Undergrad: 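First the structure, which I've put down as structure tokens, then a few questions once you've had a look.
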Amino acid sequence: MKIRPMHLNKGDTVGIIALSGPIDLESLQRNISLFTDMGLHYKLGKTIELNEHDFEETDEAWVHDLHQMIEDPEVKGIFCATGYGAAKIADKIDYPLLTEHPKIFWGFSDITFLHIAIQQYSNIVTFHGPSLSKELDEQSKKMFYQLFSPFEIYYDETISPLESLIPGSVRGEFIGGNLRRIVDTLGTKFEIDTRDKILLIEDKGLSIEEIDRMFNHLRLAGKLKEACGFVIGRLGNGGVEENALSLIKEYLLPYKKPTVARFNIGHSTPNIGIPLGVDVILDADEKLLRFLPGVE
């Protein structure tokens with residue numbers, strides 16, 4: 001079992017940093033009131049001010065900002081604004097430091113690489129949820145409240161229509177995230193371990209050719225065979241989405257692992273925030289995904 005960080009209380013302080021960039025500062029400023037609405041205080045990391053002209057300074061600044069937030073006793077949770085390039089600091093992070101001071105770590109998309117790295121080397125639960133540097137709808141905002149109390153999350157068709165691709169039911173640790181970043185880990189010391197785990201796959205704007213190439217890469221690396229189930233989020237728009245699900249089904253059918261698609265987890269509206277590294281039950285017959293709590 002991975003370490004679950006302590007839940008938030010009203011009056012707590014959280015940190016907002018940018019471990020990839022550049023970010024949408026206008027959206028960040030509009031969304032930052034979410035924390036005050038929840039009764040929280042916040043600290044902005046110095047990386048929030050970096051822009052596309054500061055790339056020669058970013059790696060060192062990103063690592064320093066993250067370590068500072070981990071070590072700060074006032075900061076109870078760390079929230080990542082999303083851009084691109086986070087994988088560049090994966091080998092520079094002090095993972096034992098985060099194990100020693102386990103805190104809520106929240107982000108998605110490019111941050112997937114760091115979710116995978118942190119779960120492997122810090123052994124803590126992290127949270128795949130929307131960035132404050134993106135527009136947030138009300139349902140997405142509500143998912144932040146899971147951080148205030150340990151409770152289970154049930155994702156079924158009351159949240160969004162789902163499609164069962166392969167029947168069955170399975171329990172396992174929930175991992176994964178953005179498809180491109182998952183594939184980026186292959187061949188590195190941070191290579192994703194899918195053995196007996198339920199794998200989340202989501203992305204945006206991919207062509208059928210890109211999806212085909214990356215699923216084949218995962219197949220050749222043994223990652224599809226080793227997983228015990230699959231949760232598929234959004235991958236494209238319109239016809240691409242429909243063709244993508246047919247393609248994915250072809251890849252996964254030989255393994256006969258429970259698979260459900262069309263989850264609004266990741267690049268979608270709403271973007272339902274969920275914990276990674278906890279046990280979940282995936283029931284493809286009932287089209288239900290049930291999460292154990294992500295916080296203590």
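Residues: numbered from 1 along the sequence shown. Here the structure is a predicted model, which is why all the values come from computation and not from measurement.
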Undergrad: Which pair of non-hydrogen atoms, one from Asp285 and one from Pro167, has the smallest distance, and what is that distance?
TA: OD1-CB, 3.3 Å

Undergrad: I'd like to check the side chain to side chain contact (heavy atoms under 4.5 Å, CB included) partners of Phe190; sequence neighbours left out, ordered by chain and number.
TA: Ala90, Asp91, Tyr95, Phe113, Ala117, Gln120, Tyr121, Thr188

Undergrad: If you take all heavy atoms of Pro258 and Cys228, which pair is closest and at what distance?
TA: CD-O, 3.5 Å

Undergrad: Any donor and acceptor pair, going by atom type alone, linking the side chain of Ser268 with main-chain N or O of Pro270 inside 3.5 Å?
TA: yes

Undergrad: Whether the side chain of Asn31 engages the backbone of Leu132 through a donor-acceptor N/O pair (distance < 3.5 Å, no angle test) should be reported.
TA: yes

Undergrad: Measuring from Glu71:CD to Glu100:CD, what's the distance to the nearest 0.5 Å?
TA: 9.0 Å

Undergrad: Any side-chain heavy-atom pair from Ile248 and Ile232 closer than 4.5 angstrom?
TA: yes

Undergrad: Atom CG of Leu199 and atom CZ of Phe230: how far apart are they, to the nearest 0.5 Å?
TA: 6.0 Å

Undergrad: Rounded to the nearest 0.5 Å, what separation is found between the CD1 atom of Ile153 and the CD1 atom of Ile272?
TA: 9.0 Å

Undergrad: For residues 286-296, dump all side-chain donor-acceptor pairs below 3.5 Å to protein atoms at least two apart in sequence or in another chain.
TA:
from: Lys287; atom 1: NZ; to: Glu157; atom 2: OE1; distance (Å): 3.4
from: Arg290; atom 1: NE; to: Glu152; atom 2: OE1; distance (Å): 2.8
from: Arg290; atom 1: NE; to: Tyr154; atom 2: OH; distance (Å): 3.4
from: Arg290; atom 1: NH2; to: Glu152; atom 2: OE1; distance (Å): 3.1
from: Glu296; atom 1: OE1; to: Arg4; atom 2: NH2; distance (Å): 3.3

Undergrad: For Lys142, I'd like to know if atom NZ has over 12 heavy atoms of other residues, nucleotides or ligands within 6.0 Å.
TA: no

Undergrad: Backbone N or O of Asp212 within a donor-acceptor pair of the Tyr251 side chain at under 3.5 Å?
TA: yes

Undergrad: Counting N and O atoms only, with roles assigned by atom type, does the side chain of Glu202 sit under 3.5 Å from a partner on the main chain of His267, one being a donor and the other an acceptor?
TA: yes

Undergrad: Please evaluate residues Lys223 and Glu191 with respect to the criterion side chain to side chain contact (heavy atoms under 4.5 Å, CB included), reporting the C-alpha separation (whole Å), side-chain torsions for both, the decisive distance (0.1 Å), and the verdict.
TA: CA-CA 10 Å; Lys223 302 305 176 181; Glu191 181 166 310; 3.0 Å; yes

Undergrad: Suppose we screen for side chain to side chain contact (heavy atoms under 4.5 Å, CB included). Which residues come up paired with His217, at least two apart in sequence or across chains?
TA: Val183, Leu186

Undergrad: Listed by chain and number, what are the side-chain hydrogen bond (donor to acceptor under 3.5 Å, both in side chains) partners of Thr126, not counting sequence neighbours?
TA: His115, Gln119

Undergrad: Starting at OG1 of Thr185, measure out to CD1 of Ile116 and round the result to the nearest 0.5 Å.
TA: 4.5 Å

Undergrad: Atom NE2 of residue position His67 - does it have more than 12 heavy atoms of other residues, nucleotides or ligands inside 6.0 Å?
TA: yes

Undergrad: What are the two closest non-hydrogen atoms of Leu245 and Leu165, and how far apart are they?
TA: O-CD1, 4.3 Å

Undergrad: Under a 4.5 Å side-chain heavy-atom rule over Ile, Leu, Val, Met, Phe, Trp and Tyr, are Ile198 and Leu276 clustered together?
TA: yes

Undergrad: Kindly give the heavy-atom pair with the smallest separation between Pro102 and Ile124, and that separation in Å.
TA: CB-CG2, 4.1 Å

Undergrad: Got a second to check how far Met69's CE is from Leu19's CG, nearest 0.5 Å?
TA: 9.5 Å

Undergrad: Any chance you could measure Ile17, atom CD1, to Lys43, atom NZ, to the nearest 0.5 Å?
TA: 13.0 Å

Undergrad: Between Arg180 (side chain only) and Lys204 (backbone N and O only), is there a donor and an acceptor less than 3.5 Å apart?
TA: yes

Undergrad: Ignoring hydrogens, what is the shortest heavy-atom contact between Ile70 and Lys103? Give both atom names and the distance.
TA: O-NZ, 2.8 Å

Undergrad: Identify the heavy atoms of Ala61 and Thr47 that sit nearest to each other, and give their distance.
TA: O-CG2, 3.5 Å

Undergrad: Indicate whether the side chain of Ser160 and that of Tyr155 have a donor and an acceptor atom separated by less than 3.5 Å.
TA: yes

Undergrad: Which pairs, with at least one residue in residues 162-174 and sequence neighbours excluded, count as a side chain to side chain donor-acceptor pair (under 3.5 Å)?
TA: Lys2-Glu173, Glu163-Arg262, Arg171-Asp279

Undergrad: Output yes when Glu135 and Arg30 qualify as a salt bridge under the 4.0 Å nitrogen-oxygen rule, no when they do not.
TA: yes

Undergrad: Indicate yes or no for a side-chain donor-acceptor contact from Glu250 to the backbone of Leu247 under 3.5 Å, with no hydrogens or angles considered.
TA: no

Undergrad: Is there a path of hydrophobic side-chain contacts, each under 4.5 Å between heavy atoms of I, L, V, M, F, W or Y residues, that connects Phe148 with Met6?
TA: no

Undergrad: When you measure from the side chain of Asp110 to the backbone of Ala86, do you find a donor-acceptor pair of N or O atoms at a distance under 3.5 Å?
TA: yes

Undergrad: Show the numbers, then the answer: is there a side chain to side chain contact (heavy atoms under 4.5 Å, CB included) between Ile211 and Leu235?
TA: CA-CA 8 Å; Ile211 296 169; Leu235 292 166; 4.2 Å; yes

Undergrad: Does the side chain of Asn271 come under 3.5 Å of the side chain of Ser140 through a donor N or O and an acceptor N or O?
TA: no

Undergrad: We want to know whether Arg213 and Asn216 form a side-chain donor-acceptor pair, criterion being a heavy-atom distance below 3.5 angstrom.
TA: no

Undergrad: Using 4.0 Å as the upper bound for N to carboxylate O, is an ion pair formed by Asp65 and Lys46?
TA: no

Undergrad: Hey, mind stepping through Ile281 and Phe174 against side chain to side chain contact (heavy atoms under 4.5 Å, CB included) and telling me if it holds?
TA: CA-CA 9 Å; Ile281 295 174; Phe174 196 63; over 6 Å; no

Undergrad: Is it true that a side-chain atom of Lys257 and a backbone atom of Val170 form a donor plus acceptor pair closer than 3.5 Å?
TA: no

Undergrad: Quick one: do Ile159 and Asn264 satisfy side chain to side chain contact (heavy atoms under 4.5 Å, CB included)? Show the steps, please.
TA: CA-CA 8 Å; Ile159 296 178; Asn264 283 334; 5.6 Å; no

Undergrad: Is the backbone N or O of Leu206 less than 3.5 Å from a side-chain atom of Glu210, with the two atoms forming a donor-acceptor pair by type?
TA: no

Undergrad: Is there a donor-acceptor pair under 3.5 Å between the side chain of Trp106 and the backbone N or O of Pro130?
TA: yes

Undergrad: Look at the aromatic rings of His128 and Phe108 and report parallel, tilted or perpendicular, splitting at 30° and 60°.
TA: perpendicular

Undergrad: Just jot down the side-chain hydrogen bond (donor to acceptor under 3.5 Å, both in side chains) partners of Asp156, sequence neighbours excluded, or say none.
TA: Thr158

